[in-house]
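Structure first, commentary second.
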Amino acid sequence: MIHSFAVVIDGVDLTSPDSRDADALYEAGCDDALLTSSAGVQRAIFDREAPSFAAAVASAITAIESSIPGARVVAVERLDRADASPLPHSA
């Protein structure tokens, strides 16, 4: 099953043209993510295949936080259900 969600990432610069962190994310298995930045908030938007929403989010967080020193996921936003609200994540 494909799960769509966004994670808000703090502690690194993922979207500047000279950022090596975006390449590190891709190499860590986040090739299913679109990196965005708006008003200083960086998001990685995922369409991730996994048996459950929790497994999809957990695998993304693990890849992000283990592949880039200083990266921290500070929020998760579920995108595949209209009635879902953002989910908190504590590091």
Side-chain angles (χ1 to χ4, degrees):
M1 179 172 212
I2 302 291
H3 302 278
S4 298
F5 58 95
V7 295
V8 177
I9 303 169
D10 198 14
V12 294
D13 177 14
L14 296 173
T15 56
S16 70
D18 59 346
S19 174
R20 294 183 185 177
D21 294 333
D23 291 335
L25 278 184
Y26 182 85
E27 291 171 12
C30 293
D31 56 340
D32 57 344
L34 171 67
L35 302 177
T36 68
S37 179
S38 177
V41 178
Q42 298 180 114
R43 285 182 177 80
I45 302 169
F46 287 88
D47 288 318
R48 179 152 290 202
E49 186 169 352
S52 69
F53 179 75
V57 171
S59 68
I61 291 171
T62 298
I64 292 164
E65 293 183 348
S66 67
S67 67
I68 304 173
R72 192 168 57 103
V73 173
V74 295
V76 176
E77 302 164 348
R78 190 172 196 153
L79 303 176
D80 60 352
R81 284 187 18 209
D83 63 342
S85 58
L87 302 173
H89 169 73
S90 56

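Values below: every heavy atom of this structure, side chains too, minus hydrogens, waters and symmetry copies. The residues of the chain are indexed from 1 along the displayed sequence.
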Over all atoms of both residues, closest heavy-atom pair of [X] and [Y]:
{"X": "Ala63", "Y": "Ala28", "value": "CB-O, 3.7 Å"}
{"X": "Gly70", "Y": "Val12", "value": "C-CG1, 4.0 Å"}
{"X": "Pro69", "Y": "Ser67", "value": "CD-O, 3.8 Å"}

Exercise for the section: Assess the side chains of Asp13 and Ser19: does a donor N or O sit below 3.5 Å from an acceptor N or O? Expected result: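 Absent: no donor and acceptor within the cut-off.
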Fill in the blank from the handout: CZ (Phe46) and CG (Asp31) are apart, to the nearest 0.5 Å, by 9.5 Å
Handout entry: Spacing of CD belonging to Glu27 relative to CD1 belonging to Ile68, to within rounding of 0.5 Å
Key =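 Reported to 0.5 Å precision, the distance equals 10.5 Å.
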Heavy-atom side-chain proximity of [X] to [Y] below 4.5 angstrom:
{"X": "Glu65", "Y": "Arg72", "answer": "yes"}
{"X": "His3", "Y": "Glu49", "answer": "no"}
{"X": "Gln42", "Y": "Thr15", "answer": "yes"}
{"X": "Asp47", "Y": "Asp32", "answer": "no"}
{"X": "Leu14", "Y": "Thr36", "answer": "no"}

Handout entry: side chain to side chain contact (heavy atoms under 4.5 Å, CB included) between Val76 and Ile61, worked out
Key = CA-CA 9 Å; Val76 176; Ile61 291 171; 4.2 Å; yes
Handout entry: Cationic tip of Arg48 above Phe5 ring, under 6.0 Å, 45° of axis
Key =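 Negative - Arg48 is either too far from the ring of Phe5 or too far off its axis.
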Practice task
Might you work through the side chain to side chain contact (heavy atoms under 4.5 Å, CB included) test for Val8 and Glu77, ending with a clear yes or no?
Solution key: CA-CA 8 Å; Val8 177; Glu77 302 164 348; 3.8 Å; yes
Handout entry: Ser37 (side chain) donor-acceptor with Gly40 (main chain) under 3.5 angstrom
Key =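 Absent.
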Handout entry: Side-chain donor/acceptor of Thr62 to backbone N/O of Ser59, under 3.5 Å
Key =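 Not at all, since once roles are kept as given, no pair shorter than 3.5 Å links the two residues.
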Practice task
Please report the C-alpha distance between Ile9 and Val74 in whole Å, then the side-chain angles of each, then the deciding distance to 0.1 Å, and finally whether the side chain to side chain contact (heavy atoms under 4.5 Å, CB included) criterion is met.
Solution key: CA-CA 6 Å; Ile9 303 169; Val74 295; over 6 Å; no
